[in-house]
Amino acid sequence: MKRMPVLLCVSVTFILSTTIMAGTLDEFEKNTSKKKAKKASSTSSSKTTSSSGDKHRHHHHDDSPSLYQDYAGSAITSFMYHSFFIGGLTSHHRLSGEEDREFGLMPREGGDIAIPFARVDVAFREVSSEIDSMDYRLELGYGAFAFRYEQSRYEEEPDDELDLIRWQGVYRMSFSEKVELDVGLGQLTIDGNNSDSRFAFSLPLMLRPTELLGIEIRPSWSEDVTDYDVGILLSRHYVSLKAGYRWVTSRDVSLDGPYAGIAIHF
């Protein structure tokens, strides 16, 4: 009979510790619930409706464009042209063997990490003492256009899992052999106890101060989830070693941590 209180205390302690250890991934998933988002949006829309009358009262017209507005419009038009048109078209330069003096780009060599035909990344990330993540990325493309698939598999002790899966169509722009800027549009799926998806937008940037050294900044945004990845690349033909830090946040819950991995590119 004396053993019963001891066994009861041990059981309660085990249950409480298990609940605490396995709660981070569940809490992250709950914070991405679309039900909460709908409530918040309905509240904000009611406030917007009530203030719309005031905005109309104070609205006035100014039909004379200023010099600043003309300059800003010209600058934006020029940026859009050089970024999305020239930048995208010269990405095909990766596939030709001729120099293009007009855009100042040299021919790209096979196995270069910039504008690849195919790229596969695998990285290990330590979020906490109880949570680890394996991050995978697959990119397939031709010149300016590519398809990108990314998956992060989180495992939390003692027995919990969560997947963040992102797929996007990507427009790749190369302003020189040292800079690549991409625009990605697609979908993020959060797969844990339940599964739901939302629109995802990304704007990855890669800078290459030297042929060996590269810096990747990969921000991505979607409803209730922000994802920022900053990494250093040591690249040779076909293979790159990488290390960095990734911040994944869902409202007030974060799955952040350092990572190390490898990328193979063709």
Side-chain angles (χ1 to χ4, degrees), residues 82-84 86-101 103-127 132-153 164 166-184 186 200 202-220 227-248 256-266:
H82 284 86
S83 299
F84 289 90
I86 294 181
L89 289 180
T90 53
S91 300
H92 290 279
H93 195 76
R94 163 73 171 79
L95 310 178
S96 68
E98 302 174 357
E99 295 183 4
D100 194 330
R101 299 297 182 185
F103 299 134
L105 293 179
M106 298 297 290
R108 301 173 187 272
E109 299 180 2
D112 196 350
I113 192 171
I115 316 291
F117 292 115
R119 174 176 169 177
V120 179
D121 293 53
V122 179
F124 173 80
R125 178 158 43 104
E126 185 177 9
V127 177
D132 295 327
S133 174
M134 289 299 299
D135 299 334
Y136 307 95
R137 182 184 303 126
L138 171 65
E139 181 176 326
L140 301 173
Y142 182 89
F145 302 97
F147 169 81
R148 185 175 293 151
Y149 175 88
E150 298 172 281
Q151 179 175 359
S152 294
R153 165 65 61 90
L164 298 185
R166 184 186 297 110
W167 63 262
Q168 291 182 321
V170 182
Y171 188 76
R172 307 185 292 189
M173 298 170 282
S174 178
F175 307 99
S176 74
E177 65 275 9
K178 296 183 180 297
V179 180
E180 178 186 341
L181 176 65
D182 302 342
V183 176
S202 65
L203 201 65
L205 171 66
M206 182 168 62
L207 306 174
R208 302 178 67 191
T210 67
E211 185 178 352
L212 177 65
L213 178 65
I215 302 171
E216 280 192 318
I217 304 171
R218 311 183 70 91
S220 180
D227 188 342
Y228 301 103
D229 181 339
V230 178
I232 302 294
L233 297 168
L234 294 178
S235 299
R236 300 298 295 173
H237 290 309
Y238 302 105
V239 179
S240 296
L241 299 178
K242 64 178 189 176
Y245 201 92
R246 186 173 173 186
W247 296 264
V248 182
D256 307 338
Y259 66 82
I262 188 172
I264 300 174
H265 34 84
F266 303 93

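All values derive from a computational prediction rather than experimental measurement.
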Worksheet item: Taking the side chain from E180 and the backbone from I115, do they hold a donor-acceptor pair closer than 3.5 Å?
Response: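 Such a contact is found between E180 side chain and I115 backbone.
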
Discussion item. Using modelled atom types and a 3.5 Å cut-off, is there a donor and acceptor pairing between side-chain atoms of H265 and backbone atoms of P116?
Written reply: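 Flag not set: sc H265 to bb P116 has no pair under 3.5 Å.
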
Item to complete: Please test V127 against D256 for side-chain contact (heavy atoms from CB on, under 4.5 Å), starting from the C-alpha separation and ending with a verdict.
Response: CA-CA 5 Å; V127 177; D256 307 338; 5.9 Å; no

Worksheet item: Is a side-chain donor-acceptor pair under 3.5 Å present for S152 with R246?
Response: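 Yes, S152 and R246 have a side-chain donor paired with an acceptor closer than 3.5 Å.
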
Worksheet item: For residues S202 and S220, is any side-chain donor paired with an opposing acceptor at under 3.5 Å?
Response: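 No donor-acceptor contact under 3.5 Å links the two side chains.
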
Worksheet entry | Spacing of CZ belonging to F117 relative to CG belonging to L140, to within rounding of 0.5 Å |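 With rounding to 0.5 Å, CZ (F117) is 12.0 Å from CG (L140).
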
Fill in: R125 side, atom CZ; D135 side, atom CG - distance, nearest 0.5 Å
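Atom-to-atom, R125:CZ and D135:CG are 4.0 Å apart.
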
Taking the side chain as C-beta and beyond, is there a heavy-atom pair between [X] and [Y] under 4.5 Å?
| X | Y | result |
| --- | --- | --- |
| L213 | L234 | yes |
| I113 | L233 | yes |
| V122 | M134 | yes |
| L205 | V179 | yes |
| R137 | V120 | no |
| L203 | L181 | yes |

Discussion item. Testing Q168, R172, R119 one by one against E139 for a side chain to side chain donor-acceptor pair (under 3.5 Å), which residue passes?
Written reply: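 The option that passes is R172.
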
Discussion item. Parallel, tilted or perpendicular: which one describes the rings of F145 and Y171, with boundaries at 30° and 60°?
Written reply: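 Rings of F145 and Y171: perpendicular, over 60°.
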
Item to complete: State plainly whether the residues R148 and D182 are in salt-bridge range, i.e. N to O under 4.0 Å.
Response: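 A salt bridge is present here (some side-chain N lies under 4.0 Å from a carboxylate O).
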
Worksheet item: Salt-bridged, D229 to R218, with N to O below 4.0 Å?
Response: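 The answer is no: the pair does not qualify as a salt bridge.
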
Discussion item. Walk me through whether L164 and V248 qualify under side-chain contact (heavy atoms from CB on, under 4.5 Å).
Written reply: CA-CA 10 Å; L164 298 185; V248 182; 3.8 Å; yes

Worksheet item: What pair of heavy atoms forms the shortest contact from S235 to S240, and how long is it?
Response: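 Closest heavy-atom pair between S235 and S240: OG-OG, 2.6 Å.
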
Fill in: Over all atoms of both residues, closest heavy-atom pair of K242 and I262
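Looking at all heavy atoms of both residues, the shortest contact is CG-N, 4.3 Å.
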
Item to complete: Run the numbers on E150 and R166 for salt bridge (charged side-chain N to carboxylate O under 4.0 Å, His left out), then give the verdict.
Response: CA-CA 5 Å; E150 298 172 281; R166 184 186 297 110; 3.4 Å; yes

Worksheet entry | Contacts of Y228 that satisfy side-chain hydrogen bond (donor to acceptor under 3.5 Å, both in side chains) - sequence neighbours left out |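 In terms of side-chain hydrogen bond (donor to acceptor under 3.5 Å, both in side chains), with neighbours along the sequence ignored, Y228 is linked to W221.
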
Practice prompt. Kindly say whether the aromatic ring centers of Y259 and F124 come within a distance under 6.0 Å.
Written response: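 Not close enough - the centres of the two rings lie 6.0 Å or further apart.
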
Practice prompt. Go through the structure and list residues passing ring-ring contact (aromatic ring centres under 6.0 Å, His included) with Y245, not counting sequence neighbours.
Written response: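 By the ring-ring contact (aromatic ring centres under 6.0 Å, His included) rule, Y245 matches W247.
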
Worksheet item: Which residues pass the salt bridge (charged side-chain N to carboxylate O under 4.0 Å, His left out) test with R153, sequence neighbours left out?
Response: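 Only E161, D163 meet the salt bridge (charged side-chain N to carboxylate O under 4.0 Å, His left out) criterion with R153.
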
